[in-house]
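In what follows, every heavy atom counts, from backbone to side chain, and hydrogens, waters and symmetry copies are set aside. From a predicted model like this one, the values you see are computed outputs, not experimental measurements.
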Amino acid sequence: GARSEHVAKIFWPLHLCQPISESGYLVGWDLGGGEIVVASKASFANAMQVSEYLADFHRQSSASLEPNVTETSGSFRSRSQANQQQMPPTIVGYMSREGEGLCEPDARDACKHWIDAFTARTQIAFRAILSMGAEISERVIVILYEESATEPWHYYMASPINLDLTALASRGHSNVTDPSTRTCLQHTLDYVNTAGQVYMYLQGSSQAAAKRSLRAAVWTTIASETNRQAFERSQASANALFAWA
């Protein structure tokens, strides 16, 4: 029979299909079997800080209870339950502006798979996709998806949602796709659906980090101004003392 070709799949969010103003780490999930879901780009911190933010997200996501419902293999389960069963997001690559591309080598070396992407004028390109430090030989398919960060009831399903509960038990086998294929696809889509939450969490973390940097800069300015004023007062006192003497 014909030999099957192994294909690597990268699920890529649409918001990263435009030029970027800052380089940063790509975060998402390496699902194994050649599938990587990219959720967002973190450009506000180093690799250790990004990993800490992602660990915090996973803890909060696992503890939250959302009333959203999905259908998997003919049964209903909550999206929060799906989130609790997921792996935590990690760094999966680096995205830089054209002419840049520097990142911490330890972060790259710690990843089984690594995506090296950059913006070239108005396009996104891949310098390399590595597996254990070597460039992969498989054909790569990039699957674009739109994150549902602002629409919590919008998510991807491997099969249509049937709101008629009585139909689930009476549905004929001829209308049901292969369960193993559907389960594998829905497993991947569960991560795609969570990507919007990661994006929003990192956006909030980025804004918080910017506020902390601004606050630190303001306090540094105030401290410098206070020191300058204190120095001027001491100089004035010294001048008055010497003038009196």
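Here the CZ atom belonging to R108 is positioned 14.5 Å from the CD1 atom belonging to I115, to the nearest 0.5 angstrom. Atom-to-atom distance recorded for H15:NE2 and K41:NZ is 7.5 Å, nearest 0.5 angstrom. Remark: K112 NZ to T90 OG1 distance equals 12.5 Å, nearest 0.5 Å. For the atom pair T119 OG1 and R97 CZ, the distance stands at 8.0 Å (nearest 0.5 Å). Note that CE of M95 and CG of D116 are 11.0 Å apart. Values are rounded to the nearest 0.5 Å. Separation of atoms CG (D30) and CH2 (W114) is listed at 12.0 Å; rounding is to 0.5 Å.
Using a 4.5 Å heavy-atom threshold, the side chains of V37 and T188 count as touching. In this structure, the side chains of L26 and I91 stay at 4.5 Å or more apart for every pair of heavy atoms. Looking at heavy atoms from C-beta onward, I10 lies in side-chain contact with I129 at the 4.5 angstrom threshold. Residues K9 and I36 form no side-chain contact, since every pair of their non-hydrogen atoms from C-beta on lies 4.5 Å or further apart. Side-chain contact between V38 and W29 is absent, with no heavy-atom pair separated by less than 4.5 Å. In this structure the side chain of P89 reaches within 4.5 angstrom of the side chain of H58, judged on heavy atoms. Proximity of M48 to V50: side-chain heavy atoms (C-beta onward) are nowhere separated by under 4.5 Å.
The heavy-atom pair separating S40 from Y199 by the smallest distance is OG-CD1, 3.3 Å. Summarising the geometry of L189 relative to A158, their closest heavy-atom pair is CD1-N, 3.5 Å, with the distance given to 0.1 Å. Between Y53 and L202, the closest heavy-atom pair is CB-CD2, 4.4 Å.
Remark: L144 pairs with W12, L14, C17, V142 by the side-chain contact (heavy atoms from CB on, under 4.5 Å) rule, at least two apart or across chains.
Within 6.0 Å of the CD atom in Q49, the count of heavy atoms belonging to other residues, nucleotides or ligands exceeds 12.
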- Carefully, step by step, assess Q60 and D56 under the rule side chain to side chain donor-acceptor pair (under 3.5 Å). CA-CA 6 Å; Q60 294 182 25; D56 289 341; 5.8 Å; no
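There is a side-chain donor-acceptor pair under 3.5 Å between R127 and S96.
Here the two rings, on F57 and Y201, have centers that are under 6.0 Å apart.
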